[in-house]
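What follows is a single structure, written as structure tokens, with notes after it.
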Amino acid sequence: ELSVKEVALRGNRLDARLRVDPKTKKVDVSLNGRTLLTLHADFEHLQFVLDDAPPSAEVTFHAYDRFFNCGIETVRCNQAS
């Protein structure tokens, strides 16, 4: 189970709040089709500093359990004002 509660671009930072199943072992995060990071813990709130933050972006999250079952959610976001 994967649910995106919030995603925002704030300056050069991507902030996200997720709800994942307790059995989740890994979350991959992509921005505009490019993988940014892979997390193995602390999935609920993440922050990532971007080298070149776009004015808007498509952010995709892939959440995997130990059997590699995958939940996918994509969210479009804009720079927060």
Side-chain angles (χ1 to χ4, degrees):
E1 177 187 332
L2 168 65
S3 173
V4 177
K5 294 169 29 178
E6 176 190 11
V7 176
L9 289 168
R10 293 184 174 96
N12 68 336
R13 196 176 75 226
L14 172 70
D15 293 332
R17 292 187 182 277
L18 308 177
R19 180 177 296 132
V20 296
D21 187 282
K23 296 177 183 173
T24 299
K25 298 296 182 192
K26 176 176 116 167
V27 173
D28 291 331
V29 183
S30 300
L31 179 75
N32 294 331
R34 189 183 100 212
T35 300
L36 288 180
L37 70 151
T38 298
L39 301 167
H40 295 280
D42 301 324
F43 307 122
E44 288 78 26
H45 183 241
L46 63 100
Q47 293 182 334
F48 186 78
V49 176
L50 304 168
D51 293 331
D52 187 23
S56 65
E58 188 174 273
V59 185
T60 302
F61 301 90
H62 292 80
Y64 300 91
D65 66 12
R66 68 184 180 128
F67 300 108
F68 296 103
N69 295 310
C70 182
I72 302 170
E73 190 162 339
T74 300
V75 178
R76 191 132 187 81
C77 64
N78 297 312
Q79 280 285 348
S81 46

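Reckoned from all heavy atoms, side chains included, excluding hydrogens, waters and symmetry mates.
- Heavy-atom contacts from other residues, nucleotides or ligands closer than 6.0 Å to NZ of K26 number more than 12.
- Of the possible polar contacts, one joining the N32 side chain to the E58 backbone as a donor-acceptor pair under 3.5 Å is found.
- Heavy-atom minimum distance, V27 versus T24: CG2-CG2, 3.9 Å.
- A pairwise comparison of heavy atoms in A57 and P54 identifies CB-CG, 4.0 Å as the closest pair.
- In this structure, K25 NZ and H40 NE2 are separated by 12.0 Å, a value rounded to the nearest 0.5 Å.
- In this structure, C77 SG and D15 CG are separated by 10.0 Å, a value rounded to the nearest 0.5 Å.
- Taken from CD in E44 to CG in L39, the straight-line distance is 10.5 Å, to the nearest 0.5 Å.
- Exactly one residue among V59, L31, L46 makes a side-chain contact (heavy atoms from CB on, under 4.5 Å) with L36. That residue is L31.
- H62 and Y64 have parallel rings, their planes meeting at less than 30° on a 0 to 90° scale where 60° marks the start of perpendicular.
- For the pair L9/L50, a side-chain contact is recorded, criterion being any heavy-atom separation below 4.5 Å from C-beta on.
- With a 4.5 Å cut-off on side-chain heavy atoms, L18 and F61 count as touching.
- For E6, the salt bridge (Lys or Arg N to Asp or Glu O under 4.0 Å) partners at least two apart in sequence or on another chain are R10, R17.
- Taking all atoms of both residues into account, the shortest heavy-atom contact from S56 to R76 is OG-NH2, 3.8 Å.
- Judged by distance alone, the side chain of Q79 and the main-chain N or O of G11 form a donor-acceptor pair under 3.5 Å.
- Within a 6.0 Å sphere centred on CZ of R66, other residues, nucleotides and ligands contribute 12 heavy atoms or fewer.
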